[in-house]
Structure formats: C-alpha cells, structure tokens
Number of protein chains: 2
Amino acid sequence: MSHTPTPTPHPAGTSRAAQKEQSRRALLDAALLLLDHQNLSSLGVREVTRAAGLSPAGFYRHFRDLDELGVTLVTESLGSLHLMIEKVLAEQGEPERLIERTVAVIARHVREHRAHIRFLARERHGGVQPVRAAIAAEFAAFTEQTAAALSLQEESADWSAADLSMLAALYVEHLVGTAAAFLEAPAGSRAAEQRIAARARDQLRLISIGRRHWTSAKG
Amino acid sequence: MSHTPTPTPHPAGTSRAAQKEQSRRALLDAALLLLDHQNLSSLGVREVTRAAGLSPAGFYRHFRDLDELGVTLVTESLGSLHLMIEKVLAEQGEPERLIERTVAVIARHVREHRAHIRFLARERHGGVQPVRAAIAAEFAAFTEQTAAALSLQEESADWSAADLSMLAALYVEHLVGTAAAFLEAPAGSRAAEQRIAARARDQLRLISIGRRHWTSAKG
DNA sequence: AAAGTCAGCAAACAGCTGTTTACTGAATGA
DNA sequence: TCATTCAGTAAACAGCTGTTTGCTGACTTT
C-alpha cells in the first residue's frame with residue numbers, strides 16, 4: 001500500500017551480465033558527456049546517475065568512487081590512443097609523406113574521439129591524483145614504445161638509448177600538444193584545423209631536420 | 001540582546017583601502033592554496049572564505065563569482081611568467097650557453113612560483129571557460145613576443161613571418177611542457193630536477209639544430 | 001563634530017550532496 | 001520447480017552548498 005513495486009527495470013529477455021554492462025556503459029557515457037564542460041573533481045555521483053538514468057545507489061553496484069570511474073575512463077581513452085600511435089609508428093615511406101600521414105591520423109583521431117581526448121587533456125594535470133598518475137604512466141609507456149620504434153629506423157643507427165628516449169619524448173609531447181590544439185579549434189572549422197595541421201607538419205619537419213643533423217653531446 | 005555586536009574585525013589603525021586589499025589577498029592566497037589539490041571548477045565560495053578567515057558573505061565584497069577570482073589568479077600567474085620570458089629572451093651569447101640559462105631560469109621560476117604554475121597547467125585545459133580563454137590569449141601573446149624576439153636574431157635573417165611564428169610556438173610549447181615536467185618532479189628531488197633539465201636542454205639543442213638547417217617548404 | 005561610506009557579519013533560505021539501509025523481483029543455477 | 005543471487009530501488013541521514021538579507025561600527029569625508 002505504501003509504495004508501488006518497481007516494474008521491469010530493464011528490457012527483459014537479456015542476460016543479467018549484459019544488463020549490468022549496459023548500465024555500466026550508461027554511467028561511463030554519461031560521465032564523459034558531463035566532463036565536456038566540467039572537471040572530474042567537480043563531478044558528482046548523483047549528477048552522473050541522473051544523466052545515466054539510474055538511481056544514486058545504483059552507482060555503487062559498479063564503482064567504489066568517482067575516482068574509480070575516472071581511472072576506467074583513462075584506460076578506455078588511452079586504449080584507443082594506443083592503437084592510433086601504433087598506426088602512426090607502423091607507417092613507412094619517405095619522411096615528408098610520413099609527417100603528412102602522422103598529422104592526418106592525429107586530426108582524424110581527435111575528430112572521432114573528441115570526448116576521450118578532451119578528458120585526457122583536461123585531467124592530465126587535473127586535481128585527481130590517481131587519474132593523473134594513470135595518465136602519466138601510460139604516456140611514459142608511449143614514449144618508450146616510440147623510442148623502440150625509432151631505434152629500428154636506419155636514421156638512428158648510432159643513437160644512444162638516452163638520446164632516443166629524449167627524441168621520443170619530444171615527439172610524444174608534440175603529438176599531445178597538437179591533439180590539444182585540434183581540440184581548441186572551433187569544432188568543425190576546417191580552416192582552423194588546416195592551419196593547425198600545417199603548423200604541426202612544419203614543426204615535425206624542423207624536428208626531423210634536427211634529428212638528421214644531431215650529434216650527441218660529449219663529442 | 002539577541003545578538004552581540006562584532007568587535008573590531010581588523011587590526012585597527014590601517015587605512016580602509018589597505019584593509020580591503022588585505023582581505024582580497026587572503027582570499028586569493030587561500031584559493032591558490034586549495035587549488036594545489038583541487039580544480040577550480042570544484043572550488044567553493046564557502047571553502048575559500050573559510051580558509052581565508054572571512055564570512056561567506058564577505059566574498060561578494062571582492063568578487064562576483066569564483067570565475068572572476070579565477071581570472072584574477074590567471075592574470076597574476078601570467079604576470080610573473082611574462083617577466084620570466086622576457087628575461088629568457090633578453091639573454092645573449094653563444095647558443096649552448098643560452099640554452100643552459102633558459103632551462104635554469106625555467107627551473108628557478110617553477111621552484112619560486114610553484115602554486116601559480118600548477119594553477120596554469122591545471123586550468124589551461126580545465127573546465128572553466130573564461131579561465132581557459134584568458135590563459136590561451138596570454139599564451140598566444142607569448143608566442144608573438146617570442147617570434148618578435150627571434151626575428152631580431154641574425155640566425156633568422158631570411159625567415160618568413162609564418163615560419164618564425166611556427167618556431168616560436170614550438171619554443172613556447174616546449175617551455176610550458178618543461179615547466180609542467182618540473183612540477184611533476186617529487187617536490188624537492190634535485191636528482192629528478194636535473195634529469196628533466198638535461199632532457200629539456202637536449203631537446204632545445206635538437207630544435208636549434210633544426211632551426212639552423214631549416215629551409216622553408218616551397219623550395 | 002556630524003554625516004556618509006562600505007567591509008564584514010550572522011542568520012536564514014531552499015536545494016543540493018555522498019552514502020547507507022532494507023526492499024524487490026527478474027535472471028540464474030540446482 | 002524451488003532456492004539463490006544480485007542489479008536496481010526508494011527513503012532517509014546529516015551535512016554541505018551559493019546567495020541574499022539587514023545590520024553594525026570603524027574609517028573617511030564634509
């Protein structure tokens with residue numbers, strides 16, 4: 001008499017695990033959407049569950065905290081980035097063509113994963129320590145991966161490991177900076193995008209010229 | 001009878017304007033302190049006034065919102081950075097010595113203005129639009145300023161304006177990245193600081209080699 | 001000396017927050 | 001078929017939030 005019981009909370013007929021996964025995704029997607037205009041440290045449990053269509057208590061069936069949800073988002077965001085970087089590193093051909101492809105891949109990735117990339121840029125130096133740590137760890141791994149790929153190229157035959165790592169860090173930082181620049185571009189303005197791309201290509205050209213003429217310090 | 005009146009709220013004897021400024025500073029300093037572990041978008045009025053030793057209502061005698069306070073912090077933080085960049089650009093001498101000085105100046109600045117720099121790094125891509133815009137505008141000005149300084153050097157005699165701007169952007173981004181790297185260093189670890197400094201110097205060397213051998217695109 | 005300014009206050013407002021509780025009922029496994 | 005599991009719920013908890021109000025009393029001007 002006091003409360004009406006709740007009728008079928010899910011489109012019945014699906015497996016239980018699939019139902020749960022669906023809710024989990026709803027939470028992650030809702031959070032990512034809210035994080036477009038907001039910082040992770042100011043996100044609220046109720047806010048997320050409201051946007052995802054769950055009751056507040058439901059949140060705790062999936063995550064201990066918002067930090068945990070944040071770390072999950074980091075993992076997802078970096079997963080796709082990882083694939084992109086592998087794609088870039090696998091490219092072959094003359095340097096000029098390679099630079100062109102690299103920047104195009106970055107631009108495309110930002111266009112197709114805007115929310116993820118913005119999240120990474122925003123939380124890389126954000127106020128939530130575990131999230132910052134997760135991002136930093138993964139970026140370090142990218143740098144190592146890049147260094148390994150560079151060491152296989154003939155241009156770096158006589159490079160020391162330290163120098164390769166230094167160069168890889170420069171490339172990764174440039175990649176991140178370029179992605180962030182694409183983000184700032186007034187969403188959809190091809191003109192702005194092309195200006196950013198042109199500049200990024202020139203910067204990569206300059207760096208690869210430096211690379212070609214590099215001679216390690218203690219000469 | 002109902003409420004006891006408040007006794008002298010300030011160390012009497014000071015001018016009114018000075019008293020007000022003192023409270024304003026207390027607010028800004030308290031905010032900056034809180035922003036060490038937090039994002040601007042999650043900062044609260046009550047939180048700041050509590051830390052500054054004011055009543056909540058007192059906040060509104062100084063700022064309309066927290067966004068306004070944020071923009072003020074941006075202005076202050078970038079003011080000191082501006083001075084630093086001028087210092088770097090004014091340096092003269094052989095490239096190697098110049099690079100060394102540049103990195104040293106950055107390291108020193110981060111050490112002495114930790115809170116300001118962390119704030120800038122954190123809010124550059126943060127969730128508060130007006131603050132983001134203020135930072136972006138000032139960074140663009142830095143780039144222009146750097147381009148102007150570069151154009152005065154003999155190494156860039158035959159450089160186009162666009163190429164100079166591209167190079168300046170690369171330098172500024174590298175500067176910002178280096179400052180952020182110093183921030184991550186386990187506060188006080190000279191070893192970590194020196195590793196970062198060494199890498200930054202090598203990267204600057206590589207860039208300046210690229211600069212020396214640069215020939216514009218449409219050749 | 002009298003009048004005016006205004007920084008700071010306490011109190012009250014409605015509305016929000018994270019988290020826990022005891023419950024329900026569909027999907028699952030015996 | 002019956003017992004178990006467990007994702008999701010509504011309700012309640014104490015505690016927090018931004019902002020407005022009317023007031024006070026020290027400084028400042030006249």
Side-chain angles (χ1 to χ4, degrees), chain A residues 1-31 34-35 38-70 72 127-128 130, chain B residues 1-31 34-35 38-70 72 127-128 130:
Chain A
M1 185 210 260
S2 52
H3 37 211
T4 353
T6 318
T8 325
H10 275 292
T14 2
S15 91
R16 184 126 89 162
Q19 281 179 29
K20 179 165 186 183
E21 179 55 24
Q22 202 172 56
S23 293
R24 196 181 127 100
R25 269 255 62 83
L27 286 171
L28 289 167
D29 291 347
L34 290 167
L35 288 171
Q38 216 171 148
N39 246 310
L40 180 59
S41 70
S42 71
L43 198 63
V45 170
R46 290 186 113 105
E47 200 181 357
V48 175
T49 53
R50 201 183 306 129
L54 260 76
S55 77
F59 177 86
Y60 299 95
R61 299 279 180 213
H62 301 274
F63 304 98
R64 179 189 307 279
D65 289 316
L66 273 167
D67 290 14
E68 196 174 294
L69 181 147
T72 305
V128 182
Chain B
M1 186 208 254
S2 52
H3 37 212
T4 353
T6 319
T8 323
H10 274 292
T14 2
S15 90
R16 183 127 87 163
Q19 280 179 30
K20 179 163 187 183
E21 179 55 24
Q22 201 172 59
S23 294
R24 196 181 127 100
R25 270 254 63 82
L27 286 170
L28 290 167
D29 291 347
L34 291 166
L35 288 171
Q38 216 171 147
N39 247 311
L40 180 58
S41 70
S42 71
L43 198 62
V45 170
R46 289 185 113 105
E47 200 181 356
V48 175
T49 54
R50 200 183 308 129
L54 260 76
S55 77
F59 176 86
Y60 299 96
R61 300 278 181 213
H62 301 274
F63 304 99
R64 179 189 308 280
D65 314 294
L66 273 167
D67 290 14
E68 197 175 293
L69 181 147
T72 305
V128 182

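Note that the coordinates shown come from a computational prediction; the quantities given were computed from them, not determined experimentally. Chain A is the first sequence line, chain B the second, and so forth, proteins listed ahead of strands; every chain is numbered from 1.
Base engagement by A/Gly58 is indicated by at least one non-hydrogen atom pair under 4.0 Å involving a base atom. Residue-level contact check: A/Arg64 touches neither bases nor backbone, having no heavy atom under 4.0 Å from any strand. Residue A/Arg24 is classed as having no contact, given no heavy-atom separation below 4.0 Å to the nucleic acid.
A distance of 4.0 Å separates CZ in A/Phe63 from CG in A/Leu28, rounded to the nearest 0.5 Å. Atom CZ of A/Arg64 and atom CZ of A/Phe59 lie 11.0 Å apart (nearest 0.5 Å).
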Using a 3.5 Å limit on both pairing distances, list the dot-bracket string of DNA chain D from the 5' end; Watson-Crick and G-U wobble pairs count, crossing pairs take [ ], interstrand pairs take |. ||.|||||||||.||||.||||||||||||
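When all heavy atoms of B/Leu66 and B/Leu43 are compared, the pair lying nearest together is CD1-O, 3.2 Å.
Note: NE2 (B/His62) to C1' (D/dT19) measures 16 Å, nearest angstrom. The separation between B/Arg46 atom CZ and C/dT17 atom P is 16 Å, rounded to whole Å. Between the CG atom of B/Leu54 and the P atom of D/dG18 there is a distance of 14 Å, rounded to whole Å. Whole-Å rounding puts the A/Lys20 NZ to D/dT5 P distance at 15 Å. Spacing between atom CG of B/Leu27 and atom C1' of C/dC9 amounts to 14 Å, rounded to whole angstrom units.
Each of B/Arg16 and B/Leu66 was assigned the nucleotide of DNA chain D with the nearest heavy atom; the assignment lying further toward the 5' end belongs to B/Leu66.
For B/Gln19 and D/dC27, the shortest distance from a side-chain N or O to OP1 or OP2 is below 4.0 Å. Under 4.0 angstrom from either OP1 or OP2 of D/dT19 there lies at least one side-chain N or O belonging to B/Tyr60. Contact check, B/Arg61 against D/dT20: no side-chain N or O comes under 4.0 Å of OP1 or OP2.
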Check the pair B/Arg61, B/Arg24 against side-chain contact (heavy atoms from CB on, under 4.5 Å), reporting the backbone distance first and the verdict last. CA-CA 9 Å; B/Arg61 300 278 181 213; B/Arg24 196 181 127 100; over 6 Å; no
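Judged by distance alone, with hydrogens and angles left aside, the side-chain atoms of B/Gln19 form no donor-acceptor pair with the main-chain N or O of B/Arg16 at under 3.5 Å. Remark: side-chain polar atoms of A/Ser42 are not paired, donor with acceptor, to backbone N or O of A/Gln38 under 3.5 angstrom.
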